[in-house]
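Since the structure comes first, as C-alpha cells, the remarks are kept for the end.
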Amino acid sequence: MNMNTNKKRKRTKLVCLKCGSTFDDDYKKKHELTQHGGEKVRVKHLGAPDNPFILASSKKKCTLDSTSMSSMHNMEENNKNDSQPTNSEIIDFSSISTTILEEDIEKKNGHSSTDEKILNKSSLSPIKPESINIESDVKTKPVELEINTTDMVENVENSFKIINEHLENSNIILDNSSGTESSSCAYDWVACAGMIESLINSFQDCSMLLKKLKTENAPNPISFLVSTSHIISSIKAESEKYLSISNLVLNSLVSLSQVAPKENVDYFLEHDPGKRSVVKTSSQRKYLLSLGPHQPKLAKFPKNLDITPGKQCQFSSLWYNEYPHLEYSLIKDAAFCFICTLFPNGPNRNYSDSAWSEIGVRSWHKMKGRGIKKPGKLHQHFTSNAHKSALIDFRNFLNFSGHIECILNKKNREQAINDEHQNKFNQEVLNILFDITRMLSRQGLAFRGDGSEENGNFNQIVLLLSKHNAVLKKWLDDKAFRKHNVTYMSHDSQNEFIDLLKVKEADIYSVMADTTPDISHRDQLSVCVRYVNAAGEISERLLEIIEASDKTGLGIAETIESVIINNELPPKNVVFQSYDFASSMSGKINGTQQKLSELLGHTVLFIPCQAHRINTFLEHSCNASVIVGDLFLVLEHMYVFFSSSTKRYAHLQKSLSEIENSLQLRNLSKTRWTARAESIKAVWVSFDSIVKTLEEMSTAQYFDKNTRSQALGITKKILTFDFVVSLYFMKNVMYKMKILTESFEAKDLNIIDALMLLNSSTDIFNDINNDSIGMDNLIDSSINYAHQLNINPESDFNKIHRRRLLPKRLDSNPSSQAIFDLKTFYRSEFKKVLDTLTTLTSEHLKKCIATVEPLFNLLKVPLSNKHSAEDFEKIINLFPPGCSVSNIKDFDAVYSEYLVLAHRCKDAKNVLDILNVSEMYKNILPNMNKILRLMFTAPVSTASNERAFSKLKLIKNFLRSTMNADRLQNLMLLNTNKDILDTIDTMVLVKKWSHLKHRRIEV
C-alpha cells in the first residue's frame, strides 16, 4: 500500500479579491456558486499582496546576500553593550513567558485562580505569543535603491534602541499607574487597525447593496434605503468610537515616547533570589522571565532549627504546584515571590511585606496555616493586593513586549490586525444572539420549534435579521468555511446564553413561598425574597422555582433553606417569612414556619399572606348564609349553561350587544373569592338582557329540549326575591373586599399601612352591620326592583321561608316561637355574613399586630415622641442575628435618632415619606434607617409568587411540557425580572461567555 494515501491533504487559505471572504482552496468553486452566482472571481493566498509583480520587483531592489546580512547583525551586536539582551533572548522570553502564563491558567488548585483572573483580563495581546518571531523590517519592507548597507545598519540599531527605550519607559509608567486599567489601556494600535478593517468591510457591504440595486430587474428601493441607512448609522457610530479611542492610544504612545529613560545600567543577575540584586531594567526582567522562577527540587530541604519540633520545619517542593510563582533560595533557605521581585515598586506595594521580594520567608510552620480560620503566609501573600498589582504590571509588561515584536514583524502585524477584526466581528454576532435570547426570555416565548430547531423562534429570528443585517448574513454565509461549522444557534448554546442572563440581588430580606401544579402535573415551589435595595426602593424578586417533591412542613422548609444557600444569601439575615394559611405551611409545631426557624438557627417571624386570609374569610362568610351560598351556585350554573354551547353563547352576545356598557359573564374562581365581584357585577349590569335571553331560549323551538328545560330552570332561580336581594347586598360587600385585596397585592405596600387598611375595612363592615336602617333601605330597593321584574317578594318569602311550627312532641307550646317578618329575616342573613367576616378579620388583625407590635406602635403616622428606650430594645430584638444592628446596646442613642427623624417628618403623610427622609439622612441616622428598612422588608402578601405562577403557565405550556428544570428556572428569572434584564450589557456577557470554556472561535 502506498504510504502517501494516509497523509492528510494540506489546505491553503485563499482570500476573495471581490468580497474579502476567507476560505480553503478546495472551497473556491462553492464560494463562487454561493456568493457570486457562479461568476469566476480572482483570489489570492492569505497574506499575499494583491499584485505579486510589485513584490517581485521590490525583492530585486533590496536583495542582500547572506554575508552582508550576517555582517550587519554582527555590527549591530558589537555596537550594543554586552549586558544588553540579544535578539535570541527576546525570542526565548516570549516563548518561556508564554509557557509560564499558560501554566498559571492551567492551575486549578491553590490560589493560582486569582492569578488566572488577573492575567486573563489581558485583551491587549493582538496575536498568539507562540507565533511571535521577531524580524527586522529590513527583511520584509521594500527599501529604496539609494539606501546603502551602513544606513541600514544604523536604522536597525536605532529601531532596537527605540524598542529598549519603550520597554524601559513602559516600566516607569506601570510603576506610576494606579493598578487599574485606564480607558486607553483597554485598546491599542492593533485594535484601532482592526476597527479600520471593520469600517472597510462596512463600506464593502454598501457597495454590494448598490451593485445589487443596479443589476436587479425589479429593485426594492425601500429595502435599499433601510439597509444602507442602517449600515451608514453603524459606520458613523464606529467612526466616532474610533476617533475617541485612537486619540487615547495616540496620547498614550506619545507620552510613552516622551518619558525620559532612567539611567539604569544593565548587569548580570543571579537566578537564585537570595543572591539576586534589585531588578531595575526591562532587559533584566526579560532575562529572568526566560529562566523562570527558581524552583529547585531537593530530596531533602534544610530544617529550620528555630521552629518547635513536631511542626513543619522545612520547605516543601509540593508548594510549587499550588503556587507557580513561588521561588526557593538555596543560599538563604528562604521562600520568595517571583513576580514581586520582578515588580517590587508600584501601587499597593508601599506598605506590603518586603520579605517576599528582598529578605525571604522562613516560617515554614506558618506557610499553610496559622491556627483556626487563619490562612497561612502563602495564602495571605498570593491573595494580597500587592501581589495582584504586581501581576497586573507583569501582564502589561508582556503585552507591551508582544506589541513591539508585532511592530517588527510584517507577517505578525498583518495577522494581528486580521485577528482583531475577526474578534470584533465575532463579538458583534454574539451580541446579536444575546439580544435575541433576552427578547425571547423577556416575552416568555419559546426558543425551539415543534421537533425541529430550524423551525424554532430563535433560529427563525436569526434568519430574519440576517436579511437586513450584513454582519449576521456574513456569519451564516461563512458557516462552511468556519472551523467545525459553528454558528452557536443550537439548544446548548441557547442554554448558555440564558444561564448568563440570570439576575439576583438581596440583602436583609424576607422569604415568601407558595406551590402550584404545572402542565406536567408536578408541584412547583416558587421562592421569592422581599428587601429594600441600596436606593431605598422596595423590591420583591423571584429567587428560584423548583419542584416540590416533599410537601410536608419540614420538606418545604428544607427546600427553602437549600434555595437560600444555593443563591449565596446569608441565612442569618432572614427576618420574616410569609406563606398561605395551609396547615403544612403555618403550623406552629410541624409547619414550615416553625421548621424553617429551626433550620436557620434563629426565630424567623411569620406573617401570613393577607390576601389569602381575606379570601378565606370571605369564603367562610358567604357560606354562613344559605341564600348567599345559593347565589353563587346559580351564578356558576348560569355561566356553564351559556359557555358550554357556542349557539347559546351567540344568542346571549346578540342580546348584550344592544345594551350600552354591557359586561361579559365571568367564571367564578374556585380559589380567589374576591375575583367573584366581577361575576356579580356582570350579572347585575346585564340582568334584564339575561332574563330576556333565557325566556326566549325556554320557548324557542330551534333549541333542543334539554336547552329549553335548563333555560327555564335558571329563569325560575334568578327570578326569586332571594336571588335579587342577595345580589343587591353582595355586590357592595364583594367590591369592598376586592379593593382591599388588590391593595394588599401591591409591592410597595408596607405591613403597617396594610394592617391599618385592614383595621379601617373592619370598622366599615362593623358600621354596615350595626346600621339597621341602611339594611332596611337596601331591602326596600330590592323590593322595588323585584316588582319591576314581576316578582312578588311577600309571596316568595311566605312560600320559601314561612313559619314552620315544631311538632308538640318536641315543643309543647309551638305557638310561642318567634315571629319574624321579611325584613327581619333578610337582616339576620346579612348579619350572619358580616358577623363572620368582622370576627375573623379582627382576630387575624390582632395576631398580626402582635407580631410587629414594636414597629406598629413606633412608626404610626404621625410619629409620636412618647416612647422610651425599652420600646427600641424590643425593636432591636426583631433584627436577625446576621445584621449588625442586632448587637446594639445603646438604646438611648437610637431613641435620639428617632427624635431627630420625628422632627424632620412632621409633614409626612405616610410611612413611605418617612423612609425617604431617612434615606436622605442615613449617614447621620443609620439606626433609624435600618429600622425603617426592617419594617418595609416585612411581607404583606405572596402576590409575587402568584405572579410567578402566571408566568409559569405562559412559559411551560402544553407545547413546552418537557422543558428541563434548569432551563425553566433561568427563563422564569429572566421573565419576572425584566427591569434588571433590560439594563444588562450584552457585551459584558459576551466576554463572560467566552471564558466559560474553550471556544472554537476567538472573541
Side-chain angles (χ1 to χ4, degrees), residues 510-512 530 532 538 574-581 585-588 591 593-594 597 603-618 620-621 736-737 739-741 743-746 748-767 769 834-868 870-880 898 902 908-912 914-915 928 930-943:
S510 301
V511 294
M512 303 169 290
R530 179 184 172 96
V532 181
I538 300 96
V574 181
V575 60
F576 295 106
Q577 55 182 328
S578 180
Y579 323 109
D580 58 24
F581 215 68
M585 306 292 284
S586 61
K588 295 183 178 180
Q593 63 141 322
Q594 177 62 28
S597 297
T603 301
V604 182
L605 299 177
F606 172 62
I607 300 177
C609 174
Q610 305 300 313
H612 275 91
R613 298 305 292 144
I614 293 300
N615 186 74
T616 305
F617 298 158
L618 186 57
H620 294 334
S621 302
K736 287 182 173 62
M737 298 303 291
I739 294 172
L740 178 63
T741 305
S743 300
F744 286 157
E745 293 174 353
D748 55 352
L749 183 67
N750 61 82
I751 189 63
I752 292 180
D753 287 344
L755 295 179
M756 296 182 69
L757 186 61
L758 184 60
N759 187 32
S760 300
S761 300
T762 305
D763 293 340
I764 291 174
F765 287 120
N766 278 324
D767 293 340
N769 194 15
L834 295 174
D835 286 340
T836 305
L837 184 60
T838 54
T839 301
L840 293 175
T841 307
S842 300
E843 292 177 356
H844 169 72
L845 181 64
K846 291 179 181 178
K847 292 179 181 179
C848 291
I849 291 178
T851 304
V852 293
E853 183 177 6
L855 292 173
F856 188 81
N857 294 333
L858 182 72
L859 298 175
K860 285 192 301 185
V861 179
L863 298 181
S864 173
N865 295 333
K866 298 179 180 179
H867 297 286
S868 62
E870 289 75 12
D871 297 332
F872 292 93
E873 181 179 2
K874 295 178 182 178
I875 293 177
I876 298 301
N877 292 333
L878 295 178
F879 282 90
Y898 172 80
K909 298 179 180 180
N910 50 48
V911 188
L912 184 60
I914 300 176
L915 173 65
M928 281 308 303
K930 291 287 187 181
I931 291 174
L932 282 160
R933 285 173 171 265
L934 172 70
M935 189 269 295
F936 276 91
T937 303
V940 177
S941 69
T942 59

Do Asn615 and Met737 make a side-chain contact, defined as non-hydrogen atoms from C-beta onward lying under 4.5 Å apart? no
Using atom types as modelled and distance alone, determine if a side-chain donor or acceptor of Tyr898 lies under 3.5 Å from a backbone N or O of Leu863. no
The reported gap from NE2 in His612 to OG in Ser586 (rounded to nearest 0.5 angstrom) is 11.5 Å
What residue pairs, at least two apart or across chains, pass side chain to side chain donor-acceptor pair (under 3.5 Å) with a residue in residues 834-844? Gln610-His844, Asn769-Asp835
If you look at every heavy atom in Ser597 and Val604, which pair is closest and at what distance? OG-N, 3.1 Å
Apply side chain to side chain donor-acceptor pair (under 3.5 Å) to Gln593 and list each qualifying residue two or more places apart in sequence or on a separate chain. none
Testing Val852, Thr851, Leu845 for side chain to side chain contact (heavy atoms under 4.5 Å, CB included) with Ile849, which one passes? Leu845
Non-hydrogen atoms of Pro608 and Phe581 that approach each other most closely: CB-CD1, 3.8 Å
For residues 750-765, tabulate all N or O donor-acceptor pairs below 3.5 Å that involve a side-chain atom, not counting sequence neighbours.
unit_1, atom_1, unit_2, atom_2, d
Asn750, OD1, Ile752, N, 3.1
Asn750, OD1, Asp753, N, 2.8
Asn750, ND2, Asp753, OD2, 2.8
Ser760, OG, Met756, O, 3.0
Ser761, OG, Leu757, O, 3.0
Thr762, OG1, Leu758, O, 2.8

Heavy atoms of Phe872 and Ser868 approach each other most closely as CD1-O, 3.2 Å
Working to the nearest 0.5 Å, report the span between NZ of Lys860 and CG of Asn910. 15.5 Å
Hey, mind stepping through Ile875 and Leu858 against side-chain contact (heavy atoms from CB on, under 4.5 Å) and telling me if it holds? CA-CA 9 Å; Ile875 293 177; Leu858 182 72; 3.0 Å; yes
So how far is it from Met585 CE to Gln594 CD, rounded to the nearest 0.5 Å? 14.0 Å
Would Arg530 and Phe576 count as a cation-pi pair here, with the cationic atom under 6.0 angstrom from the ring centre and within 45° of the axis? no
Are the side chains of Leu618 and Thr741 in touch, meaning some heavy atoms are under 4.5 Å apart? no
Before giving the answer on side-chain contact (heavy atoms from CB on, under 4.5 Å), spell out for Gln577 and Ile607 the whole-Å C-alpha distance, their side-chain angles and the decisive distance to 0.1 Å. CA-CA 6 Å; Gln577 55 182 328; Ile607 300 177; over 6 Å; no
Would the distance check show the side chain of Asn857 and the main-chain N or O of Glu853 forming a donor-acceptor pair, the cut-off being under 3.5 Å? yes
I need the Leu932 CG to Phe936 CZ distance, nearest 0.5 Å. 7.0 Å
Steps toward side-chain contact (heavy atoms from CB on, under 4.5 Å) verdict (Arg613, Thr616): CA-CA 5 Å; Arg613 298 305 292 144; Thr616 305; 4.1 Å; yes
Treating Ser510 as the side-chain partner and Thr937 as the backbone partner, does any N or O pair qualify as donor plus acceptor under 3.5 Å? yes
Rounded to the nearest 0.5 Å, the CD1 atom of Ile614 sits from the OG atom of Ser743 at a distance of 11.0 Å
Set out, in order, the CA-CA distance, both residues' side-chain angles and the distance that settles side-chain contact (heavy atoms from CB on, under 4.5 Å) for Leu934 and Leu878, then state yes or no. CA-CA 9 Å; Leu934 172 70; Leu878 295 178; 4.1 Å; yes
Please round to the nearest 0.5 Å and tell me the distance separating atom CD1 of Ile914 and atom CE of Met928. 8.0 Å
Are any of the side-chain heavy atoms of Met935 and Phe856 separated by less than 4.5 Å? no
